[in-house]
Amino acid sequence: MTVSKETHLDSKSLITKDLNIKGLNTKNLKTKNLNAMDLNTMDLNLKGSDSSGICAGEEDKPRESCGIFAIHNHPEAAKLSYFGLYALQHRGQESAGIAVERDGRIIAHKGMGLVPDVFEMEHLEALQGRAAIGHVRYSTTGSSIFFNAQPFVVHHRHRSYAVAHNGNIVNAHLLKRELEEAGSIFQTTMDTEIFLHLLVKNLNRGFEGALVESVRRLKGAFSLAVLTSRGEIIGIKDPNGFRPLCIGHLNGAYVLASETCALDLVNADFVRFVEPGEIVIINDKGIRSIKAQEPARSAFCIFEFIYFARPDSNIYGKNVYLVRKAHGRRLAREAPVEADLVMPFPDSGNYAAIGYSEESGIPFEMGMIRNHYVGRTFIQPTQSMRDFSVRIKLNPVRELLRGKEIIIIEDSIIRGTTVRTRVKALRELGVRKVHLRVSGPPHRFPCHYGIDFSTKGELIAAQMSVEELRNYLGLDSLYYLSLEGLLESTEIADAENHFCKACFDGCYPVPIEDGAGKDCLEG
């Protein structure tokens, strides 16, 4: 199995763009002599550079792993994939890529940064083909470097395969050790690559048999899109159904996407969600469904409703915007308090704040204004300027807030640093009382299924009681939505047994193997 060289599409401009995104001046850089090893070495040396695309002040928010978009049988597959990824940009801002099938070959373009940073019209024009998969990444296993960008493409016995992955495979390190002992050579530190090694190893079972056997070896959270050099698109979902993956239809073309908002942007009609344990194979004959594994205990990530999914997406028949408003209404019933106004920390708390205001009758105000033109990174030149990374994004409306008693609605508190800084700023401008209401329970346990807080030490609610945290944040009162209230607000049948709630209650649907973690495949 050999790895596709992603730089054959105007490699000089691609390498230069990748380095520019990391903040380097490449005006005089001689890129024509750079080979893959040079680029990989540079990327490793630049790991300390922030190219994540996370806006200033969002370092205290949980971050998801990835977004997937795929389309079959469309003459402008790459361009539609570009727009699909644009709609899914919130799911990952470290890297982006698109792979297409053309004349029995897979060609790809990918790079570090946001979708518009990576792709220009010339790249999309070069990606001619009727089948494509695309990916936006936030790394939860493997470093944020160019060679870990997806889709990941390999060649094996005159055929090619590309894969895009959303989730986290918790037995990846064990599978990698087994494969390496059998002679496999890995090119990345992503858990995604393990799937392709398993696939080609099992091709003696036939393609569909190899898919089934490979999927059965994986444990954890995985929604996968695969593109073959025969032009097939395959969608795969783990038996617990941790991460979303839906199917759409557009004028004879089929679409796979992480969220329905991507279907909306390309004007595709929603068909259904890929079921837990299901493999869907899309080719010129239509869609074929295979049950690779029997569905296990349902464990859809509840945090998709709280934070990750775009509010205009629908999940299992429920609109995310309306569910978040319902969280706010439930908060108002569980934790009423007298105040002059209700406000969010934009944008994550917006919709729950609307619901809280409607239920309580307390006016909703945008007490902080977000700067929507903040770049991908914010350089802090001196220690004395460390708070700028928080203040550059949100600025309070002083005349509205001074002398008032306010209720702030947030969706989560992970590390607490950003909230503490903002509350301090509100006190300094003259806010009399600050009450904080959180539209989810306290995060007390690490996530191993694709959210980037994989250790308990990162979670402030695991270190402090609610009262201790209230004092630490400088609040007059603090209340988290109950787990019961969170689940009931979704209005999904048997919600207690439908969702993964491990970050709240510590009950992990899939056992975590010793040695698993973000860096388990490094070195």
Strictly distance-based, threshold 3.5 Å: is any side-chain N or O of [X] a donor or acceptor partner for the main-chain N or O of [Y]?
| X | Y | answer |
| --- | --- | --- |
| Lys110 | Pro151 | yes |
| Arg437 | Ala335 | yes |
| Arg329 | Gly355 | no |
| Arg444 | Ile460 | no |
| Gln150 | His165 | yes |
| Ser489 | Gly485 | yes |
| Asn171 | Lys219 | yes |
| Glu491 | Glu488 | no |
| Asp238 | Asn240 | yes |
| Asn395 | Ile369 | no |

Can you name the one residue among Arg91, Lys318, Arg324 that meets salt bridge (charged side-chain N to carboxylate O under 4.0 Å, His left out) with Glu304?
Arg91
May I ask you to check whether [X] and [Y] show a side-chain donor-acceptor distance below 3.5 Å?
| X | Y | result |
| --- | --- | --- |
| Ser477 | His435 | yes |
| Glu410 | Ser348 | yes |
| Asn148 | Thr189 | yes |
| Ser439 | His327 | no |

Show, in sequence, the C-alpha distance, side-chain angles and deciding distance for Val280 and Arg272, and conclude whether the side-chain contact (heavy atoms from CB on, under 4.5 Å) test is met.
CA-CA 12 Å; Val280 292; Arg272 66 177 178 89; 3.7 Å; yes
[Y] and [X], any side-chain heavy atoms less than 4.5 Å apart:
| X | Y | value |
| --- | --- | --- |
| Gln293 | Arg216 | yes |
| Leu256 | Ile247 | yes |
| Pro446 | Glu458 | no |
| Ile408 | Leu475 | no |
| Asn350 | Met366 | yes |
| Leu481 | Val438 | no |
| Thr490 | His498 | no |

List the steps and the verdict of salt bridge (charged side-chain N to carboxylate O under 4.0 Å, His left out) for Lys433 and Asp340.
CA-CA 10 Å; Lys433 288 188 177 181; Asp340 297 303; over 6 Å; no
Assess whether side-chain contact (heavy atoms from CB on, under 4.5 Å) is satisfied between Tyr321 and Ile354, documenting all intermediate values.
CA-CA 10 Å; Tyr321 178 101; Ile354 294 171; 3.8 Å; yes
What class does the angle between the rings of Phe303 and Phe504 fall in, given that below 30° is parallel, 30 to 60° is tilted and above 60° is perpendicular?
tilted
Relative to the ring of Phe305, is the ring of Phe499 parallel (under 30°), tilted (30 to 60°) or perpendicular (over 60°)?
perpendicular
Flag yes if more than 12 heavy atoms outside Phe273 fall under 6.0 Å of its CZ atom; otherwise flag no.
yes
Look at atom CZ of Phe83 and say whether more than 12 heavy atoms of other residues, nucleotides or ligands are closer to it than 6.0 Å.
no
State plainly whether the residues [X] and [Y] are in salt-bridge range, i.e. N to O under 4.0 Å.
| X | Y | value |
| --- | --- | --- |
| Lys237 | Glu278 | no |
| Glu496 | Lys501 | yes |
| Lys325 | Glu358 | yes |

Assess whether salt bridge (charged side-chain N to carboxylate O under 4.0 Å, His left out) is satisfied between Glu365 and Lys404, documenting all intermediate values.
CA-CA 12 Å; Glu365 298 284 358; Lys404 299 292 178 60; over 6 Å; no
Assess the residue pair Phe345 and Arg422 against the criterion (side-chain contact (heavy atoms from CB on, under 4.5 Å)); give the C-alpha distance rounded to whole Å, side-chain angles, the decisive distance to 0.1 Å, and a yes or no.
CA-CA 9 Å; Phe345 282 148; Arg422 289 174 179 166; 3.7 Å; yes
Taking it one step at a time, do Asn166 and Leu245 satisfy side-chain contact (heavy atoms from CB on, under 4.5 Å)?
CA-CA 9 Å; Asn166 176 26; Leu245 187 63; over 6 Å; no
Using the side chain to side chain contact (heavy atoms under 4.5 Å, CB included) definition, which of the options Tyr508, Phe222, Tyr449 pairs with Val170?
Tyr449
Could you pull out the closest heavy-atom pair between Asn319 and Pro311, with the gap in Å?
ND2-O, 3.5 Å
